[in-house]
Amino acid sequence: MAYVYVLKSLKSSKTYVGSTNDLERRISEHNSGKSTFTNKYRPWILFYYEETETLEEARKREKYFKTCSGRKFIKNLFPHIPG
């Protein structure tokens, strides 16, 4: 199994989209400062995720979420969340 995920910063209105085969480990890495971008906006909460069969599928979905229509898709799922 693999995952595509969206994190939401509790410090700012920033979101972060990524993919991994170990979701708990990856979120822990983001919150411990191991990622350059996410380090500045800690702490992070898991905002949304999808499970896929392969990491390749998760990465394709991640690319979609980083497009304009992908960002709109996520915003439409949770319209009450700012950012």
Side-chain angles (χ1 to χ4, degrees):
M1 288 292 138
Y3 306 88
V4 60
Y5 61 92
V6 181
L7 301 179
K8 179 82 173 138
S9 171
L10 294 177
K11 187 176 182 179
S12 73
S13 63
K14 297 286 185 190
T15 58
Y16 179 86
V17 177
S19 55
T20 185
N21 58 4
D22 187 339
L23 191 55
E24 286 185 37
R25 175 191 52 80
R26 192 65 181 121
I27 294 168
S28 176
E29 288 174 354
H30 286 296
N31 280 317
S32 67
K34 290 186 178 183
S35 175
T36 306
F37 175 79
T38 58
N39 183 39
K40 296 176 268 192
Y41 304 104
R42 293 182 290 164
W44 294 90
I45 57 167
L46 183 61
F47 181 66
Y48 178 76
Y49 76 95
E50 293 178 4
E51 190 174 290
T52 63
E53 298 242 350
T54 67
L55 193 52
E56 182 181 350
E57 290 175 51
R59 288 196 173 131
K60 285 180 185 176
R61 192 71 171 150
E62 175 186 355
K63 283 180 90 171
Y64 167 70
F65 283 155
K66 290 179 177 180
T67 65
C68 184
S69 51
R71 289 190 301 272
K72 286 180 184 176
F73 171 83
I74 291 171
K75 189 168 180 88
N76 287 335
L77 285 176
F78 305 98
H80 60 286
I81 304 289

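Here the straight-line distance linking atom OG of Ser9 with atom NZ of Lys40 works out to 11.5 Å at 0.5 Å rounding. Considering NZ of Lys60 and CG of Leu55, their distance stands at 12.0 Å, rounded to 0.5 Å. In this structure, OG on Ser19 lies 11.0 Å from NZ on Lys63, to the nearest 0.5 angstrom. Within the model, atoms CG of Asn31 and CG of Leu7 stand 7.5 Å from one another, a figure rounded to the nearest 0.5 Å. To the nearest 0.5 Å, atom NE2 of residue His30 and atom CZ of residue Phe37 are 10.5 Å apart. Lys8 NZ to Leu46 CG: the interatomic distance, rounded to the nearest 0.5 Å, is 13.5 Å.
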Checklist entry - Is there a side-chain contact (heavy atoms from CB on, under 4.5 Å) between Phe73 and Tyr48 once you walk through the steps? => result CA-CA 12 Å; Phe73 171 83; Tyr48 178 76; 4.1 Å; yes

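The hydrophobic clustering, which links ILVMFWY residues whose side-chain heavy atoms are closer than 4.5 Å, places Ile27 and Met1 together. Taken together through direct or relayed side-chain contacts under 4.5 Å among Ile, Leu, Val, Met, Phe, Trp and Tyr, Val4 and Phe47 form part of one hydrophobic cluster. Transitive grouping of hydrophobic side chains (ILVMFWY, heavy atoms separated by less than 4.5 Å) keeps Phe65 and Tyr5 in distinct clusters. Neither Val6 nor Trp44 shares a network with the other; the hydrophobic side chains, linked directly or stepwise wherever heavy atoms of I, L, V, M, F, W or Y lie under 4.5 Å apart, form separate groups for each.
Annotation for Leu10: hydrophobic cluster partners, listed by chain and number, are Ile45 (ILVMFWY side-chain heavy atoms under 4.5 Å, direct or chained).
The two residues Arg25 and Asn21 have their closest heavy-atom pair at NH2-OD1, 3.7 Å. Of all the heavy atoms in Glu50 and Arg61, the pair that sits closest is OE1-NE, 2.8 Å.
Summarising the local packing, NZ of Lys34 is surrounded by 12 or fewer heavy atoms from other residues, nucleotides or ligands at distances under 6.0 Å.
Judged by distance alone, the side chain of Arg71 and the main-chain N or O of Lys66 form a donor-acceptor pair under 3.5 Å. Proximity of a side-chain donor or acceptor of Arg59 to a complementary backbone N or O of Glu56 within less than 3.5 Å is not detected.
Between Glu29 and Arg26 there is a salt bridge, with a side-chain nitrogen of the basic residue lying less than 4.0 Å from a carboxylate oxygen of the acidic one.
Glu57 and Thr52 share no donor-acceptor pair across their side chains, judged by distance under 3.5 Å alone.
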